[in-house]
Amino acid sequence: MNNETPEKSHFIRNIIKEDVARGVNDGRVHTRFPPEPNGYPHIGHAKAICVNYGLAEEFHAPYNLRFDDTNPVKEEQEYIDAIIADIKWLSFDWEDRLYFASDYFEQLYQWAVKLIRDGKAYVCELTADQIRETRGTLTKPGVESPYRNRPVEENLDLFARMKNGEFPDGSKTLRAKIDMAAGNLNLRDPVMYRILHASHPRTGDDWCIYPMYDWAHGQSDSIEKITHSLCSIEFEDHRPLYDWFLDQLGEFHPQQIEFARLNLSYTILSKRKLIRLVNEGHVQGWDDPRLPTLSGLRRRGYTPASIRDFCDRIGVAKKDSTVDLALLEHCIRGDLNKQAPRFMGVLRPLKVVIDNYPEGESEELEAVNNPEDPSAGTREVPFSRVLYIEREDFMEDPPKKFFRLAPGREVRLRYAYFITCNEVVKDADGEVIELRCSYDPATKGGDAPDGRKVKATLHWVSAKHAIDAEVRLYDTLFTTEDPEDVPEGGDWIDNLNPKSLEVLTGCKLEPNLRGVEPGFSCQFERQGYFCVDQDSDGDKIIFNRTVTLRDAWKRMQKKG
RNA sequence: UGGGAUGUCGUCCAAUGGCAGGACAUGCGGCUCUGGACCGUAGUAUCGGGGUUCGAAUCCCUGCAUCCCAGCCA
């Protein structure tokens with residue numbers, strides 16, 4: 001990092017910088033990422049992780065991972081495991097600071113008892129419906145619960161019995177005694193504990209009362225001595241409540257700072273909606289490569305570096321915004337362009353016979369593995385009389401700007417020879433099934449000694465050496481930039497893109513790809529970046545297309 | 001008609017009273033054995049109306065728009 005050039009900053013970094021300079025918390029910085037284990041993490045979480053952990057790393061400060069596991073009805077060990085795996089994949093290391101809000105259940109209970117003793121909390125016997133009705137509305141104040149002024153001793157007794165399991169679910173709550181007329185609804189005697197006879201992934205059946213998030217969250221941050229509690233914007237209204245609790249308790253106040261969550265065009269980042277996509281089978285699981293989940297992106301071929309780069313580039317601010325998917329794609333292209341070895345693969349094969357190439361013979365041609373990285377070296381690619389080229393690289397009646405193969409036209413086969421198309425073979429339906437070409441032996445390697453030029457270079461594979469593969473092409477999961485924008489009475493599911501997955505079989509790959517393992521990423525020249533899917537098995541190779549290369553020709557076609 | 005927040009290029013983010021800048025996207029050009037990468041270049045923005053000031057995206061007033069909150073979810 002170059003300290004001479006002024007770094008680009010954002011408001012949270014500025015606040016922390018100032019706090020450190022002013023010696024707030026003795027100049028200490030400590031952050032955390034507090035997920036609820038009720039789903040798989042997605043790129044939006046990656047942003048939050050990068051903000052929290054990235055900032056801590058910048059200030060050489062520690063950061064925690066803490067699961068806010070206060071609702072056993074929705075939370076599962078599977079999600080805990082997935083979240084841990086995905087954050088590690090992003091290559092963040094919280095060392096030994098893995099915590100759970102459930103670690104603090106006993107302390108939280110004791111603090112609740114203290115609030116009761118201080119007359120700041122009471123056991124309420126209103127039903128959920130009644131609590132809602134008496135909460136008031138956005139414009140009208142609420143009505144105080146008839147149980148609000150019950151004696152401390154009675155509250156203590158009832159709360160202990162709640163904990164001991166004497167009452168059924170939903171029959172009682174512990175509520176903070178604040179202000180039923182507050183403009184901020186969170187302050188209208190919020191529920192602190194509810195009775196839930198549910199088994200918890202970590203505490204099992206030890207508890208049948210569980211703290212509400214609002215009661216647990218601020219204190220958990222306080223216990224961990226978090227200096228800067230970064231969270232999303234919708235918790236701005238909750239900050240006064242967290243402050244109130246900590247004030248009553250006389251405990252350490254982390255500073256909460258809110259920032260806007262990520263929205264991405266053509267995708268959905270709401271956990272509830274993601275769960276629906278998975279449960280209703282619109283996708284094939286949490287790691288479906290079309291999903292913005294980290295496991296989906298990983299399977300798609302996105303790298304941790306590309307995601308962290310993306311998170312750096314989108315910035316941090318308070319206003320609602322939607323980042324262009326093109327930026328994410330730019331980030332993965334940028335990373336893979338530097339790393340990914342190049343290979344030739346023909347997705348939709350068209351047979352080409354080189355009539356003047358000796359039958360039964362073949363030769364090895366040298367190809368560059370990565371033009372961006374000379375140290376990646378070269379490899380040999382076999383060439384022979386019968387080849388496959390990409391169907392869309394040939395047009396019988398080409399428009400003006402089409403540079404590729406056409407009858408009578410000469411093009412270069414990458415790293416091989418110039419070939420000229422002499423004859424087009426069609427089937428009974430008039431579909432082109434084969435091209436008869438001739439090659440110029442003098443152009444071996446791809447250059448003409450007489451200096452003549454060709455306008456196109458095509459990728460190809462030798463038919464008898466090729467290996468077969470299945471290739472899965474992905475498009476956006478939704479057809480609309482904002483999938484949640486639906487007409488009256490419509491369902492966002494209707495915006496699903498029926499063509500988000502296209503499976504190609506019989507693709508032909510150069511033989512150097514034999515034996516690749518799941519997770520392997522490479523570029524198929526002129527087409528895009530692809531990675532081997534976990535469904536591959538032995539001889540059955542399956543590639544996922546991570547992202548296409550930028551394609552000037554396609555853009556030109558679109559323009560018309 | 002309550003409380004909280006937010007309005008800057010098409011998009012995202014800067015500029016904290018002093019030349020509105022960067023990235024992505026887009027157009028054009030160059031280069032190229034990937035119509036890739038790379039290089040160069042262009043256009044496009046301060047929500048509206050007042051005010052303060054030599055000077056306002058920034059401060060004040062006012063209006064408008066958008067988002068969040070009425071879970072015993074987080």
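First the proteins, then the strands, lettered A, B, ... as listed; each starts at 1.
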To the nearest Å, give me how far apart CZ (F235(A)) and P (A74(B)) are. 9 Å
To the side chain of K319(A), which of C13(B), U34(B), C72(B) is closest? C13(B)
Considering only the C1' atoms, how many Å lie between A56(B) and C68(B), rounded to the nearest integer? 30 Å
Does E481(A) get its side chain close enough to the base of G10(B), under 3.5 Å, for a donor-acceptor pair? no
Smallest heavy-atom separation, Q255(A) atom then D19(A) atom, equals OE1-OD2, 2.9 Å
Which value, in whole Å, describes the distance between the P atoms of nucleotides G10(B) and U26(B)? 15 Å
Given G2(B), C72(B), G4(B), the nucleotide with the shortest approach to the side chain of E236(A): G4(B)
Expressed as a whole number of angstroms, how long is the span from F524(A):CZ to U34(B):C1'? 14 Å
base_contact_polar (U26(B) base, R555(A) side chain, donor-acceptor, <3.5 Å): no
Please state whether the base of G4(B) and the side chain of R239(A) form at least one donor-acceptor pair under 3.5 Å? no
In whole angstroms, how far is the C1' atom of A37(B) from the CG atom of N369(A)? 16 Å
Under the 3.5 Å rule, do the base of G3(B) and the side chain of D237(A) count as making a donor-acceptor pair? yes
Given 3.5 Å as the limit, does a donor-acceptor pair link the side chain of N155(A) with the main chain of R150(A), or not? yes
Determine if the base of G22(B) is syn or anti; take syn to mean the glycosidic torsion is within 90° of 0. anti
When you measure from the side chain of A326(A), which nucleotide among U34(B), A25(B), A74(B) comes out closest? A25(B)
Let me know the distance between CD of E329(A) and P of C24(B), rounded to the nearest Å. 14 Å
Spacing of the P atoms in C24(B) and A42(B) (rounded, Å): 16 Å
Does either side chain, that of T70(A) or that of D68(A), offer a donor lying less than 3.5 Å from an acceptor on the other one? no
Taking CG from N186(A) and P from G4(B), how many angstroms apart are they, rounded to a whole number? 13 Å
Counting only side-chain nitrogens and oxygens, does R194(A) get under 4.0 Å of the OP1 or OP2 atom of A74(B)? yes
Nearest-nucleotide pick for A552(A), side chain only, options being G35(B), C24(B), C73(B): G35(B)
Proximity to the side chain of Y213(A) - top-ranked nucleotide from A74(B), U34(B), G10(B): A74(B)
Is a side-chain donor-acceptor pair under 3.5 Å present for E166(A) with N164(A)? no
To the nearest angstrom, the CZ-P distance between R261(A) and C12(B) comes to 17 Å
Measuring from the side chain of R550(A) (C-beta onward, heavy atoms only), which nucleotide among A37(B), C73(B), C24(B) has the closest atom? A37(B)
Salt bridge (Lys or Arg N to Asp or Glu O under 4.0 Å), that's the test. Do E224(A) and R32(A) meet it? Break it down for me. CA-CA 9 Å; E224(A) 294 177 15; R32(A) 101 273 92 128; over 6 Å; no
If you take atom types as modelled and just measure distance, does the side chain of Q527(A) reach the base of U34(B) with a donor-acceptor pair under 3.5 Å? no
Please determine, by modelled atom types, if Q339(A) and D335(A) share a side-chain donor-acceptor pair under 3.5 angstrom. yes
